[in-house]
Protein chains: 2
Amino acid sequence: MAETSDFKAEPPEGIDPIGASSEGASLYQLIREDIIEGRLAANERLVVTDLARRHGTSTNPVREALQLLRGEGFVTFVANRGARVRPIDQDFVRDIYEIGVLIEPALTRWFVNMATSEDIAELERIQGLIEENNFADTFRHSELDTAFHTVMYQRHYNRHAAELWWKHREVLRAVSRRFNFTLARRAAILREHRELIAHIKAGNADEAGELISRHVEGSGRHVLEQMRARNAARAG
Amino acid sequence: MAETSDFKAEPPEGIDPIGASSEGASLYQLIREDIIEGRLAANERLVVTDLARRHGTSTNPVREALQLLRGEGFVTFVANRGARVRPIDQDFVRDIYEIGVLIEPALTRWFVNMATSEDIAELERIQGLIEENNFADTFRHSELDTAFHTVMYQRHYNRHAAELWWKHREVLRAVSRRFNFTLARRAAILREHRELIAHIKAGNADEAGELISRHVEGSGRHVLEQMRARNAARAG
DNA sequence: ACGCGATAAATCGTACATTGTTTGTCGAAA
DNA sequence: TTTCGACAAACAATGTACGATTTATCGCGT
């Protein structure tokens, strides 16, 4: 499939939660992206009439999209006062990184024991693109990094865990795109990916799991540090 | 608060995801319970008109409730074909138990380091009620057991993880109520709870985490075994 | 038994009514 | 003059009704 060099991260199969009415589905996606990408401010009111006008539909599809987003946790509701954008703040990001630290090692261990040579080739190919890009294009790195991990988690039998990972990843991807990578972090990412591939080749499931745990934790620490810095800059 | 002996499990604070319109909220809860408790069969069609008539409202609140349930994963949608009940089958249950095995130990370790003497007294009180009930009333055991773990996870700083646990727990509670506990499982539950309290008192966070891991895994194995048995009985 | 077309049924979008909330103005008291 | 509160008008959320379009059902003819 993605033989071209422009990578677009795709969800693991069977995850796509869309399927609403054509109108509703696209509305859901649009609003959701606006939230994740930060185009809608934290706690901003989501006025049904406005959204309907802005997207050229009537109010009902908007209302349904908002409920869907509520169920997924991106929107909060207060009775008779409508919807607001759930803030994607440091606590939010920390929470989902910590959950990742708990879940991803298990997914990784399973993958190591199930990996085919095609899987490994694919990982090495993506890793090649990552090193080639070398953080020049932040967006591209973000997509490639996501693709790298998707190869590992894609086929896991625990669809709930895989779906959870993907939903979290979509948020983190958008958040981390807003920042630059420190030199130290760049080096760590490349090193850890290479080390991970080595462990997979050797069939060292536990070592790979350990490594992923540190990888995710380091990634979380890095992003949170950046968020803190930006907040401090904004406040000071 | 719950000084009376009839326990009703309550969610950790700040979790309640309701807050829709008065109609919509209750509708959401009613349909959700019908799914979790198994009153609506797996893959059953959820016809908006029927649900509206049955609950004495118009269709719009139903549609919104269904979207909310979709976001939470209890309902699946196909475009132009409406909603169906997501089956709560063995895979589903296995998936969320496995996630529990990964997450609950971390929540437990944190609790052990934060537990006050009031917390411990509360745990011992609930454990007393559990032993007093001694599985005579399955429903009651289910509520008490949930309350026991809620005491531990309630105040965790990672609200996402606590919320995830609670949502999973609501499903598992309903599922496990459909079965009886084997004598072996009864003994294990009581023993592990007592042992857990001892670890908490001693401040042994890691041991408590280890124990919870086994506790959840054992619980999952037990429920899955029962589901398998019932399925086999139904098939044969 | 097997298409196949008519009919029934359900989803989905639109428009509207009702109810509750927010806002802004006016006037009186400090 | 400023502040506070009552009141009214605008606004927005929530519920209802309805029509258009798609999907499911059923009976008929082959």
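Proteins come first, then strands; the chains are lettered A, B, ... in the order of their sequence lines, and each starts at number 1. Here the structure is a predicted model, which means the values were calculated and not measured.
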With the threshold set at 4.0 Å, does a side-chain nitrogen-carboxylate oxygen contact exist between [X] and [Y]?
X      : Y      : answer
B:E143 : B:R140 : no
B:R159 : A:D91  : no
B:K167 : B:E170 : no

Euclidean distance, atom [atom1] of residue [X] to atom [atom2] of [N] [Å, nearest integer]:
X     : N      : atom1 : atom2 : answer
A:E64 : D:dA13 : CD    : P     : 16 Å
A:R70 : D:dT14 : CZ    : C1'   : 13 Å
B:R84 : D:dT23 : CZ    : C1'   : 12 Å
B:F77 : D:dT23 : CZ    : P     : 15 Å
B:E44 : C:dA10 : CD    : P     : 13 Å

Just to be sure I understand the rule, does A:L46 reach a base, reach only the sugar-phosphate, or reach nothing, if contact means heavy atoms closer than 4.0 Å?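 A:L46: backbone/sugar contact only, no base atoms under 4.0 Å.
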Sequence neighbours excluded, the answer for salt bridge (charged side-chain N to carboxylate O under 4.0 Å, His left out) partners of A:D34 is A:R39
Would you confirm whether the ring centroid of B:H156 sits within less than 6.0 angstrom of the ring centroid of B:F111? no
Check whether the ring centres of A:H168 and A:Y97 lie less than 6.0 Å apart, and answer yes or no. no
Contact letters for nucleotides 15-24 of chain C, in which S counts primed atoms plus P, OP1 and OP2 and B counts the base, heavy atoms under 4.0 Å: -----SSS--
